[in-house]
Amino acid sequence: MPSAETTRSSVYEPEPVRPTREDEVAAAGSELIGGPLGRRALTGTSWWTPVRVIALVMIGMFALGMVQKLPCYDGAWFYGAGSQYTHACYSDIPHLYQGRGFADGLVPYFDKLSGDMEYLEYPVLTGVFMEVAAWLTPGSGSIQRQEQIYWMVNAGMLMVCAAVIAVCVTRTHRRRPWDGLLVAFAPALALTATINWDLLAVALTAAAMLMWSRGRALAFGVLLGLATAAKLYPVLLLGPLLVLCWRAGRWRAYGTAVLGAVVAWLVVNLPVMLLAMEGWSKFYTFSQERGVDFGSFWLILSQRMDSPLSTDTVNTLATVLMIVACAGIGALTLTAPRRPRFAQLAFLVVAAFILTNKVYSPQYVLWLIPLAALARPRWRDFLIWQACEVAYYLGIWMYLAYTTSGDAHKGLPPDGYHLAIAAHLVGTLYLCGVVIRDILMPERDVVRRAGDDDPSGGVLDGATDVFVLGYAAHPPRHAAHFEGHYVEWGRKPDGIPPTAPTAAQE
């Protein structure tokens with residue numbers, strides 16, 4: 001028999017949230033397919049479930065992104081450096097097929113390269129992904145043909161990753177499956193999906209978030225460890241999760257997750273570390289030694305200063321800024337009137353890393369898209385942010401067209417590129433701002449307004465607090481912070497008012 005601590009106050013079974021009934025932009029967009037879902041519509045009775053619909057939409061948008069790369073596939077990658085920028089269809093994938101030794105059959109991390117990079121500068125699991133694609137690429141024909149096939153093979157593998165992301169985001173919030181359309185329709189995802197191999201880490205991270213939402217801490221840790229073996233940023237999620245578990249007293253789940261992550265990361269990395277340390281460490285030394293690069297506010301400062309900061313100074317300052325941001329997120333977590341949702345903090349910590357980092361490649365937006373859909377599933381805010389990211393996507397290629405066109409100066413000059421960087425920064429800060437507002441004012445959070453607490457929180461969902469600071473220790477009545485059974489947030493369906501705290505609970 002369930003205890004009072006685990007029994008919810010309400011007795012109704014909440015129905016799935018329909019975005020067209022609560023989101024003005026979603027309702028307006030639905031007019032293209034017949035309008036918002038009606039009160040008498042039959043749901044869940046067709047093969048066309050939300051997961052299947054969203055996965056197919058994702059595949060369709062991914063295919064459109066591949067079509068957008070067609071001018072480069074037909075020649076711009078191979079003839080004239082500037083045309084791949086003017087067509088905004090650049091990709092690292094075909095260039096690195098030969099540039100990183102895959103065309104010559106070299107083994108990543110073990111064989112030295114003859115170019116400007118001694119070893120492959122990607123984490124091990126991404127290197128494995130690249131190598132598998134090389135195995136599937138025929139070694140016959142011209143090098144141009146091989147690079148085209150290599151890009152196509154990678155695109156097929158990355159499409160699978162994109163479908164996994166769509167399915168995982170759709171299933172993470174059980175009552176909000178249609179929020180996955182935010183990811184599937186994200187224009188920045190379609191444009192940047194095949195620039196590099198980031199979708200592998202994003203897919204593993206999305207799968208890890210799904211596992212945590214189901215209370216499977218070990219599976220979460222293993223998937224997050226694999227994601228970190230493909231790209232460094234997923235390890236950041238362990239930081240906010242630590243503070244959330246501290247506030248809720250869920251130390252066992254957190255320890256299990258960390259153990260799974262460490263073991264999974266070591267299983268992938270340790271063999272290469274032991275047998276080819278120099279090649280394995282290239283990713284980390286390259287990241288440390290890399291100077292200020294595209295997309296960051298550091299580049300604006302560097303190009304506008306008479307004496308630009310040294311790389312070591314920028315590394316130090318960026319680290320300090322990231323530590324300050326993490327401290328702020330930690331303080332926010334412990335003092336908020338209600339414990340923040342895991343997806344909200346995951347978005348904030350990755351966004352902080354992106355904003356303070358010395359480089360912002362256009363495909364880095366992929367890191368944030370699934371987290372943004374879970375943290376702030378509101379079409380207006382999501383599309384404002386996406387518009388800023390598309391502006392940056394076009395800006396960087398037009399700037400590179402300018403720098404490679406010589407005296408012709410075709411493209412976007414530095415001042416224009418700085419505006420594109422500013423658009424990216426402002427858009428990301430705007431979305432961070434509304435997420436922080438939702439944390440400080442939980443009644444504004446669209447997820448909690450529908451009656452949920454933390455559907456991506458797993459063991460944190462509906463848990464009582466054991467450690468809080470400041471404002472959270474003396475919350476207002478709307479925060480429903482008390483010792484005892486959990487009170488639903490926000491309004492109920494069909495006009496049922498939220499449960500009010502009793503005098504004993506107050």
Side-chain angles (χ1 to χ4, degrees), residues 19 23-26 28-33 53-73 84-92 155 158-159 161-166 169-170 178-196 198-199 202-203 206 294-295 347 350-351 354 360-400 412 417 419-432 434:
D23 190 307
E24 298 83 356
V25 176
S30 69
E31 295 295 340
L32 297 174
I33 55 173
V53 170
I54 293 168
L56 290 174
V57 171
M58 172 66 88
I59 292 172
M61 289 294 292
F62 190 99
L64 288 177
M66 294 177 64
V67 171
Q68 190 268 334
K69 300 294 187 290
L70 189 60
C72 281
Y73 185 86
Q84 62 186 331
Y85 303 135
T86 56
H87 287 93
C89 56
Y90 174 85
S91 173
D92 287 325
L158 292 170
M159 181 182 286
C161 294
V164 169
I165 295 167
V169 173
T170 301
W178 293 109
D179 290 342
L181 279 177
L182 290 164
V183 179
F185 276 126
L189 188 147
L191 292 171
T192 63
T194 57
I195 290 179
N196 204 278
D198 293 62
L199 277 182
V202 177
F294 298 115
F347 172 81
V350 176
I354 283 176
Y360 178 71
S361 298
Q363 72 271 12
Y364 289 2
V365 68
L366 297 171
W367 306 356
L368 285 176
I369 288 174
L371 299 177
L374 296 172
R376 178 62 181 172
R378 191 75 172 175
W379 279 91
R380 181 198 62 187
D381 300 324
F382 188 85
L383 291 178
I384 289 173
W385 170 58
Q386 283 290 288
C388 295
E389 292 297 334
V390 170
Y392 175 73
Y393 175 86
L394 297 174
I396 187 173
W397 305 130
M398 293 304 102
Y399 172 68
L400 287 170
L412 194 64
Y417 180 52
L419 290 176
I421 295 175
H424 145 66
L425 295 172
V426 170
T428 305
L429 285 170
Y430 167 76
L431 200 54
C432 288
V434 294

Problem set entry | 4.5 Å side-chain heavy-atom contact, Tyr90 and Tyr85 | yes

Closest heavy-atom pair, Ala420 versus Gly395, reported as atoms and distance to 0.1 Å, is CB-CA, 4.0 Å

Could you go through the side-chain contact (heavy atoms from CB on, under 4.5 Å) check for Ile195 and Tyr393 one step at a time? CA-CA 11 Å; Ile195 290 179; Tyr393 175 86; 3.9 Å; yes

Ser91 side chain vs Thr194 backbone, donor-acceptor pair below 3.5 Å:
yes

The reported gap from CG in Leu394 to OH in Tyr417 (rounded to nearest 0.5 angstrom) is 12.5 Å

Distance col, row Phe382:CZ vs Arg376:CZ, nearest 0.5 angstrom, shows 12.5 Å

side-chain contact (heavy atoms from CB on, under 4.5 Å) between Ile59 and Met159, intermediate numbers included:
CA-CA 7 Å; Ile59 292 172; Met159 181 182 286; 3.8 Å; yes

Heavy atoms of His87 and Pro71 approach each other most closely as CD2-CB, 3.7 Å

TODO: Using modelled atom types only, decide if a donor and an acceptor are shared between the side chain of Lys69 and the backbone of Ala88 within a distance under 3.5 Å.
DONE: no

- prompt: Are Phe347 and Leu431 close enough, and set up right, to give a side-chain contact (heavy atoms from CB on, under 4.5 Å), and what steps lead you there?
  reply: CA-CA 9 Å; Phe347 172 81; Leu431 200 54; 3.6 Å; yes

Sorted by chain and number, sequence neighbours left out, salt bridge (Lys or Arg N to Asp or Glu O under 4.0 Å) with Asp198 holds for Lys231

Tightest non-hydrogen contact, residues Leu199 and Leu158, listed as CD1-O, 3.7 Å

One should read off an interatomic distance between Ser361 OG and Asn196 CG, to the nearest 0.5 angstrom, of 7.5 Å

To the nearest 0.5 Å, atom CD of Gln386 lies from atom CG of Leu368 at 9.5 Å

| said: Are the side chains of Cys161 and Val202 in contact, using a 4.5 Å heavy-atom criterion? | reply: no

Note: Glu389 and Tyr360 closest approach over all heavy atoms is OE1-OH, 2.7 Å

d(Cys89 SG, Leu191 CG) to nearest 0.5 Å is 11.0 Å

Worksheet item: Taking it one step at a time, do Tyr430 and Trp385 satisfy ring pair (Phe, Tyr, Trp, His ring centres under 6.0 Å)?
Response: CA-CA 7 Å; Tyr430 167 76; Trp385 170 58; over 10 Å; no

Note: Ala55 and Ala166 closest approach over all heavy atoms is CA-CB, 4.4 Å

*Evaluate the criterion side-chain contact (heavy atoms from CB on, under 4.5 Å) for residue pair Leu374 and Asp179; output intermediate values, then yes/no.*
CA-CA 7 Å; Leu374 296 172; Asp179 290 342; 6.0 Å; no

Query - Leu400 side chain reached by Phe294 side chain, heavy atoms, under 4.5 Å - result: yes

**Asked** Where the side chain of Tyr392 meets the backbone of Leu419, is there a donor-acceptor pair that is under 3.5 Å apart?
**Response** no

Output for pair (Tyr399 OH, Leu412 CG), nearest 0.5 Å, gives 9.5 Å

Heavy-atom closest pair (Ala423 atom, Cys388 atom, distance to 0.1 Å) is O-CB, 3.2 Å

Are Leu181 and Trp379 side-chain neighbours, meaning at least one heavy-atom pair lies under 4.5 Å?
yes

